Colleague: 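Okay, handing you the structure first.
Quick caveat: nothing in here was measured; it's all calculated off a predicted structure. All values below come from the heavy atoms of this structure, side chains included, with hydrogens, waters and symmetry mates left out. Naming: A, B, ... by sequence-line order, numbering from 1 per chain.
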Number of protein chains: 2
Amino acid sequence: MRATVRDVAARAGVSPKTVSNVLNGTFRVSPDTRSRVEEALAALDYVPNLSARGLRNGRTGMIAVAMADLRMPYSAEMCHHFVEAAAGRGLHVQIEETAGSGEREVELMSRARAQLVDGLILNPVRLETTAVQRDVNLPPVVLIGEVDQPIVDHVWIDNVAAVRELTGLLIDQGHRRIAIVGTGPMATAQLRLAGYRKALRSAEIKIDRSLLVPCEGWHSTDAAESFSAFLDRHEPPEAVVCMTDTIAFGVISALHAHGLSVPDDVSIVGYDNITDSATTVPALTTIDFDKQRFADTAVDVLLSRIANPAAPIMSVTIPYRLIERASTATR
Amino acid sequence: MRATVRDVAARAGVSPKTVSNVLNGTFRVSPDTRSRVEEALAALDYVPNLSARGLRNGRTGMIAVAMADLRMPYSAEMCHHFVEAAAGRGLHVQIEETAGSGEREVELMSRARAQLVDGLILNPVRLETTAVQRDVNLPPVVLIGEVDQPIVDHVWIDNVAAVRELTGLLIDQGHRRIAIVGTGPMATAQLRLAGYRKALRSAEIKIDRSLLVPCEGWHSTDAAESFSAFLDRHEPPEAVVCMTDTIAFGVISALHAHGLSVPDDVSIVGYDNITDSATTVPALTTIDFDKQRFADTAVDVLLSRIANPAAPIMSVTIPYRLIERASTATR
DNA sequence: CTGAAAGCGCTTACAG
DNA sequence: CTGAAAGCGCTTACAG
C-alpha cells in the first residue's frame, strides 16, 4: 500500500520524527541523514496524508470561498483571483455556493467548524446576515462586501460612492431621466441604490420610483426580461444605471429589441468591469477595481484572523475607479 | 474547548461507539438511547472533526475540480453545476486552476493522492496529457473532454461532430469563405478544427489555411485582438466559426470595429451556449448541451471509480444540440 | 542532532 | 443493542 512516514523512516534507518523534520524543516537535520531520508522518500513515492496532518495540527491548508452564484462572470473572476491568492500562500480553495440562502450560510459556518477548512471567505447576500451572529462560536470568517454591523472582518469597496460617481457622470452628460436596473433586497442592490439616490439628490433631480426596476435574478437574461417589460409600459429613459455589467448586457439587449441603440438613444453604465465589458458592442462604462488585490487582501485578513482569533475586527476598503467607454454619451 | 464524541458519550452516559452509531446510523440504536445522545449532541454543540473522520475512513467527502481558467464563463458555469452535483451527493468541491500547465496537473494528482480529496475531475488542456500516465499510481480521476488515449474514465461531448454540424449550417446557408478562430494546440481546438475540416471537405470546399486564425488566449479580448489583426491583413470572410461563445463575442467586437455587422455582412457561430449568448446583440447560434447532466455524470463516474478502482474504464458521451439564433443568416 | 512515546478525534472489528 | 480496545498517519513535547 501507500508509504507512511514509518516506512520511510525504516528504509532510511531513522526515526519517524527525523522524517518529519526533513519534511517540515522544523529542525536542522545533518546533511547525511537528510539525503538518506530524501532518497527513501523518493524511492517509496511518499505522499503525506493530509487528513492525518490536519488532525494533528488543527490546520488543513484549505479555505472555503462562498459566493452566491458561481455562474455570474463576476463571481467567476473573483474565484479565479481567490484561487491565485490562496495558491500564492500555499493554500487550497474549497468553493461553495450560497445561492443567497441564509440557511446555506449557516451550514457553511459549521462546515468550517468541522475543520476541513481553516477559514471562510463569505460574500453575504443580505445586509442582515442571519448566519453571522455575535455570541455564536464562529470559525475564522472574512466577509466580502458590506454588511450592517461589522461583527467580523470584512473587505469591501465603497459601493455607495462608486455608484454616486457613475450616476454623476450621466448627470454631467446631460441625462435627467435615469433608470436603475436590479433593485431588490440584496445588500449590493441596496448600497448601489443609495449611491444613485445621493447623486440625483445632489443634482436636485426628483426620484421617480417608476424608474427603479427590480430583477428576479441578476443574470443577463433576467435583466433583459425585466427591462423589456419595463419598456413595454414606460417611455424609454435617457440613461440607465445597471447594478452590474451582466445586467447591463441584458438591458442593452432589451433596448435593441425595442429598436433603441446605445449610446445614441440611451446611455448605459455597469459595475464590476468584468473581462467581456471591454469588448461588447458598445464597450461598457463601468466601475473597475483591482480584483487580485481584493482577493489577496481578503486572504491575508483571513490568515491574520486564523493566526490571532482574539485580534480586533479589521475592515479594509479597496479603491475603485470609473472607466469611461463607449456606452455613455452626452445628450 | 470543542466537544468530541467522547464528551458527548460521557454526557449521554453511553460509549463513544454508540454516539458514532447515532451519528452515522450504521446500527439501530434504541429510541431512548438515541434521544439521550441527541440531547447531548445539541447541548454540547457537537460538530464532527472531518480530518479525524477522513483519517479513519480514508474518505474526506471532498472532490477536486480542475479547470484551465476559472474566469471563462464556460468554466464558471461548469463549476456551478459541479458544485450542485456534488452537493446533491453530500460532497464538497475543491477548485483548482491548471492554467494549461501540465506541471500543475501533476501536482493536482499528488494532492488527490495526499487524500484531502477523494478524487479529481480534470479538464485537460492538451491531447497528450503528460500528467495522466499509465503505470503511475493514480488517484481516482475523471477527465472531462477528449484525450488521446482513454487511460482513465472520461465524460465528453462529440466536439468533432458538433462543429461539423455548425459548419455545415453555414455552408447550407450559402457561405463558402468560412474562417475559424481560436486554433491552437489545445485538445479542444484540435477537435473542433477537425470538425470544421470535415464539413468543408464533404462540401468540397478547399481549406484556405489563411482562414485558420489562432488566438493567444481564449478570452474575448484575446479574440478581438487576433481577429482585428486578421481583418487588417485579409478580406473579411463570409462566416466565422468560433471555438467558443466567448471567442465569438470578441470576433463580433472586432467586426464591428471594422464597420462590419453580424449577420448582415458576416455570419458567426459559437460553441458552449453560455448564459449570455442568448442576450447578446445579435444572439448567438451555438452548440448547447445539458451542463447539469454533464456534471452529474462526471461526478457519478468518479464515485463509481472511487467505489471500485479496479473496474474497467468508462467513457460517457453527452449529447449536444445546435441552437440557431440571430448571428447567422443565409447569404 | 535524534529516538520512543503519546495523542489529535474518529470508527471498525471484536466481544458480550 | 452496547462497551472496551485498537489504530488510521501524523507531529509535538519529553528525553537523551
Colleague: Does B/T33 place a side-chain N or O at less than 4.0 Å from the phosphate oxygens OP1/OP2 of D/dC1?
Modeller: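 Checking B/T33 against D/dC1: no side-chain N or O falls below 4.0 Å of OP1 or OP2.
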Colleague: Base, backbone or nothing for each nucleotide of nucleotides 4-11 of chain C, written B, S, -, heavy atoms under 4.0 angstrom, 5' to 3'?
Modeller: B--BBBBB
Colleague: If you compare every side-chain N and O of B/S30 against the phosphate oxygens of D/dT2 (OP1, OP2), does one of them come in below 4.0 Å?
Modeller: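 Yes, within the criterion.
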Colleague: Per the salt bridge (charged side-chain N to carboxylate O under 4.0 Å, His left out) rule, what does the pair list look like for residues 60-76 of chain A, sequence neighbours excluded?
Modeller: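 Matches after skipping sequence neighbours: A/D69-A/R71.
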Colleague: Check this for me: does any side-chain nitrogen of one of A/D296 and A/R89 sit under 4.0 Å from a carboxylate oxygen of the other?
Modeller: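 So A/D296 pairs with A/R89 through a salt bridge.
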Colleague: Among residues at least two apart in sequence or on other chains, which ones pass side-chain contact (heavy atoms from CB on, under 4.5 Å) with B/T275?
Modeller: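 So B/T275 forms a side-chain contact (heavy atoms from CB on, under 4.5 Å) with A/H219, A/T221, B/E77.
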Colleague: With sequence neighbours left out, what residues match B/D32 under side-chain hydrogen bond (donor to acceptor under 3.5 Å, both in side chains)?
Modeller: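 So B/D32 forms a side-chain hydrogen bond (donor to acceptor under 3.5 Å, both in side chains) with B/R36.
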Colleague: Taking Watson-Crick (N1-N3 plus N6-O4 or O6-N4) and G-U wobble (N1-O2, O6-N3), each under 3.5 Å, can you produce the dot-bracket string of DNA chain D? Use [ ] for crossing pairs and | for inter-strand ones.
Modeller: |||.||||||||.|||
Colleague: With sequence neighbours excluded, what pairs up with A/F294 under the ring pair (Phe, Tyr, Trp, His ring centres under 6.0 Å) test?
Modeller: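 Ring pair (Phe, Tyr, Trp, His ring centres under 6.0 Å) check on A/F294 returns A/F289.
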Colleague: Excluding sequence neighbours, so at least two apart, what forms salt bridge (charged side-chain N to carboxylate O under 4.0 Å, His left out) with B/E38?
Modeller: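 If we apply the salt bridge (charged side-chain N to carboxylate O under 4.0 Å, His left out) test to B/E38, skipping adjacent residues, the hits are B/R34.
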Colleague: List the atom pairs, donor and acceptor, that lie under 3.5 Å between side-chain atoms in residues 51-67 of chain B and the rest of the protein, sequence neighbours left out.
Modeller:
unit_1: B/T60; atom_1: OG1; unit_2: B/M62; atom_2: N; d: 3.3
unit_1: B/T60; atom_1: OG1; unit_2: B/L116; atom_2: O; d: 3.0
unit_1: B/T60; atom_1: OG1; unit_2: B/D118; atom_2: OD1; d: 3.2

Colleague: With sequence neighbours excluded, tell me which residues meet salt bridge (charged side-chain N to carboxylate O under 4.0 Å, His left out) with A/D290.
Modeller: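 Scan of A/D290 (salt bridge (charged side-chain N to carboxylate O under 4.0 Å, His left out), adjacent residues dropped) gives none.
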